[in-house]
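Quick note on labels: first sequence line is chain A, next is B, and so on, each numbered from 1.
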Amino acid sequence: MIEQLNPQQRQAVTLPDSHALVLAGAGSGKTRVLTTRMAWLMQQQQISPHRLLAVTFTNKAAREMLARLSALLPLDTRGMWVGTFHGLCNRLLRAHHRDAGLLQTFQILDVSDQLSAIKRLLKSAGITDDQYAPREVQRFINRQKEEGVRPAQVSAYDAYSRNMADLYARYQDQCEREGVVDFAELLLRAYELLKNNQAIREHYQRRFAHILVDEFQDTNNLQYLWLQLLSGGSTPIFAVGDDDQSIYAFRGANIHNMADFERDYAKGNVIRLEQNYRSHGHILDAANALISQNTGRLGKNLWTDQGAGEPIRVYESASDQLEAQWLIDEIKALVRDGHIKHEITVLYRSNAQSRVIEHALFSAGLPYKVYGGLRFFERQEIKHALAYLRLLDNPNDDTAWLRVVNFPTRGIGARTQEQLIELAQNHNCSLHEAVSYFDGRSGARLLDFVQLIQQMAHQAQVLNLPELVEYVVKHSGLKAHYQDDKDGLDRLENLQELVTAAAVFAAEEGAQTHPAGRLIEREIDYGLQDEPIPGPQTEFLLSPLAAFLSHASLEAGDNQAERGEDAIQLMTVHAAKGLEFDSVFISGLEDGLFPHENSLNERDGLEEERRLMYVALTRARKRLYITLAQSRMIHGKTRFSMRSRFLSEIPSKHLKWLSPKESSAFSNRYTMPSGATWRGQMPRHGGAQANTLANVGVEVSGKHFRVGMGVTHPKFGDGTITRLSGSGPEAQAEIHFRDVGAKTLALGIAKLDIIT
DNA sequence: GTGTCGTCCTTTTTT
DNA sequence: AGGACGACAC
């Protein structure tokens, strides 16, 4: 089992029972170490499988871990505590729902459910002006929860924060009343459950002999607290991660958790996995050089024994269109040379960049697959069906109620709904309960709806899960609605797919691991082997329906290419984390795009962008391309940019320029491209475009300014001219400065020097 | 209750 | 540019 590991990997796998931090560089065998450690603990240390807790960030990673584990040793992975933070917390809360103050069948709100709940709240709170954007409130609430802060503890120091805290409190009340829990609440509740209930806490502290954490650099503060609590300081935490690949600060990940963990727990117990088994030398050295610019790293340097390989190919084009065209030509050449399509990937910083590339791929007839986008359980028809299903367990779930009370339409319009909402507010009850107080014109229709739900709930007692889903799809009227809809075919198919998904889930639940559902029952079994789980536990088995619904919320489904399909892979750099490919194209290497200009305003934003670039570089095994465009359509406007600073942070010995290096927008030798190669967005000579043309170049006090030219300003630093207007003393230039962003300056006044 | 038009926004994303 | 959403009209 451990014979094939390198010395560092082996050391990590066979560490004694103490906290440890494994700094695992990209491609250094991180997952392998993690799973082998688990296998080693079970086999060599005789640790029972159910005394291990392994936590990951994605369901995919959890599944991968279990699959690899089963390959290492014969093992029944059912009932093992391997899953995502949210999945495991869900499990804790279902098992101890009473102590957590929840219904056993509590519903989980996903991001969009949460947003609509907040919108509803704002409306009923009478916040009519758009003073508080729902998204802003949502972000505030989630941030507080991720810090473990309840409404009463929010530090409200001004009107804004007091209002936010107030909205947070109301939102929380609303969730309580409806019996729903959002993603952050899963973690916070589970944390509080352990914190406030000594018996339960001690039970789990005793129960777990080892805690293993994957992607530790992505933990947020609450997750770290949760781990600390569960460990009680004595259960060893084996944390694996790479601070250089921390790219999720924007959603609360705290990179400092790694350093804190080392300082507080794993001091002297840090193992570095620095041998990279993925990339050739040029690629790896480039990545090392780039990331070495970051400060405060825990520090490591990847190496490979695979040889230098090929240098990174760099191509600069005049526009995003030409960049895409060049990409396609190059990809075609690769395919002609026998490269497998799904081993070729195009990465980009932001999703908007994919359109041009997709268009070019499509025109060239190359099959491609875009990662990201809508996932199965996020589709509207699926969410509608799920909303009906949610009402069966809990008709007081107002979010679900409002979603489908008039979908398909059944004559319960906005007016009726408003009246009902008001009634519910006055009686402090759910919409469902408020129906009995309703005496308006649409009362009969409301009663019909209530009856429909009751009738479905009755069927839930007699039908199995897939039958029930089918029944609901039909009797809700969803099926008929989409049958009548001329564009409803896909949606109908998806609804049919939902029935299939339910069947698969029901079948697997009996035979295989699922984070909720039958596992709770098994958990009790295991618990009884060593000691009873504290607290009154009378209902152990979660209904298949409730289990299926939590599955739908916690695992929104794949958004990956279907297996077996050989297609070029397109995705954001974020989405590429954890993946690897023979050939990688990183596109859009321009300042303002990558690093993204918005990041410059954020604390440590540039360093996070650099880590992102590091992740991008280290995806490639053998061949790596970097492309950039001097101009690009962004938000409907052509924008000119400088080369990304990241490009200059890679030593030139690793780069091979395929385009003439001096054609850069960075130089002042900007020349208008020939009209034939431009596709309409660019200013053209003559005709209606004359005005635009006049503004491409301006002469002020002997200096010739042109769009795309690099200039330097004594205060703002280096930048690129993106627009010119006026002439003589009126002449103005919009300049994108590398460090301070866009400014509009009067050319007659600003002390600008042309960079040569 | 549905369809249309105008306005706004636009980094990254999992659970 | 293009999508999402809300206001307004039929």
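- Protein atom NZ of A/Lys60 is 15 Å distant from nucleotide atom C1' of B/dT15, rounded to whole Å.
- Of the inter-residue distances, the one linking A/Leu222 atom CG with A/Leu188 atom CG reads 5.5 Å to the nearest 0.5 angstrom.
- Here the separation of B/dT12 from C/dC5, taken at their C1' atoms, is 23 Å to the nearest Å.
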- Summarise how protein sits on nucleotides 2-10 of chain C as a single string, 5' to 3': B when a protein heavy atom is under 4.0 Å from the base, S for sugar-phosphate-only contact, - for no contact. S---S----
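- Annotation: of the two residues near DNA chain B, A/Thr409 and A/Ser553, the 5′-most nearest-nucleotide partner is A/Thr409.
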Taking only nitrogen or oxygen atoms into account, show me every contact under 3.5 Å that the protein makes with nucleotides 6-13 of chain B, one pair per line with its distance.
| from | atom 1 | to | atom 2 | distance (Å) |
| --- | --- | --- | --- | --- |
| B/dT11 | O4' | A/His596 | NE2 | 3.3 |
| B/dT11 | O2 | A/Arg349 | NH1 | 3.2 |
| B/dT11 | O2 | A/Arg349 | NH2 | 2.0 |
| B/dT11 | O4 | A/Glu602 | OE2 | 2.5 |
| B/dT12 | OP1 | A/Asn351 | N | 2.7 |
| B/dT12 | OP1 | A/Asn351 | ND2 | 2.9 |
| B/dT12 | O4' | A/Arg349 | NH1 | 3.0 |
| B/dT12 | O2 | A/Arg349 | NH2 | 3.0 |
| B/dT13 | OP1 | A/Thr572 | OG1 | 2.6 |
| B/dT13 | OP2 | A/Asn351 | ND2 | 3.2 |

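- Looking only at distances, a side-chain donor or acceptor of A/Asn406 sits under 3.5 Å from a matching main-chain atom of A/Ile412.
- Between A/Asn406 atom CG and B/dG1 atom C1' there is a gap of 8 Å when expressed in whole angstrom units.
- Here the P atom of nucleotide B/dT15 and the CD atom of A/Glu146 are 15 Å apart, to the nearest Å.
- A search for side-chain hydrogen bond (donor to acceptor under 3.5 Å, both in side chains) contacts involving A/Ser599 returns nothing, not counting sequence neighbours.
- With rounding to whole Å, A/Arg91 atom CZ is found 17 Å from B/dT15 atom P.
- The local environment of CD in A/Glu422 is sparse, with at most 12 non-hydrogen atoms from other residues, nucleotides or ligands closer than 6.0 Å.
- Regarding A/Asn90, its CG atom lies at a distance of 19 Å from the P atom of B/dT14, rounded to whole Å.
- Distance noted for atom P between C/dA4 and B/dT13: 16 Å (whole Å).
- Distance noted for atom C1' between C/dG3 and B/dT14: 23 Å (whole Å).
- B/dT15 atom P lies 18 Å from atom CD of A/Gln107, rounded to whole Å.
- A cation-pi arrangement is absent between A/Arg150 and A/Tyr168, since the terminal nitrogen or guanidinium carbon is not both under 6.0 Å from the aromatic centre and inside a 45° cone about the axis.
- In this structure, OH of A/Tyr371 is placed 13 Å from P of B/dT14, rounded to the nearest angstrom.
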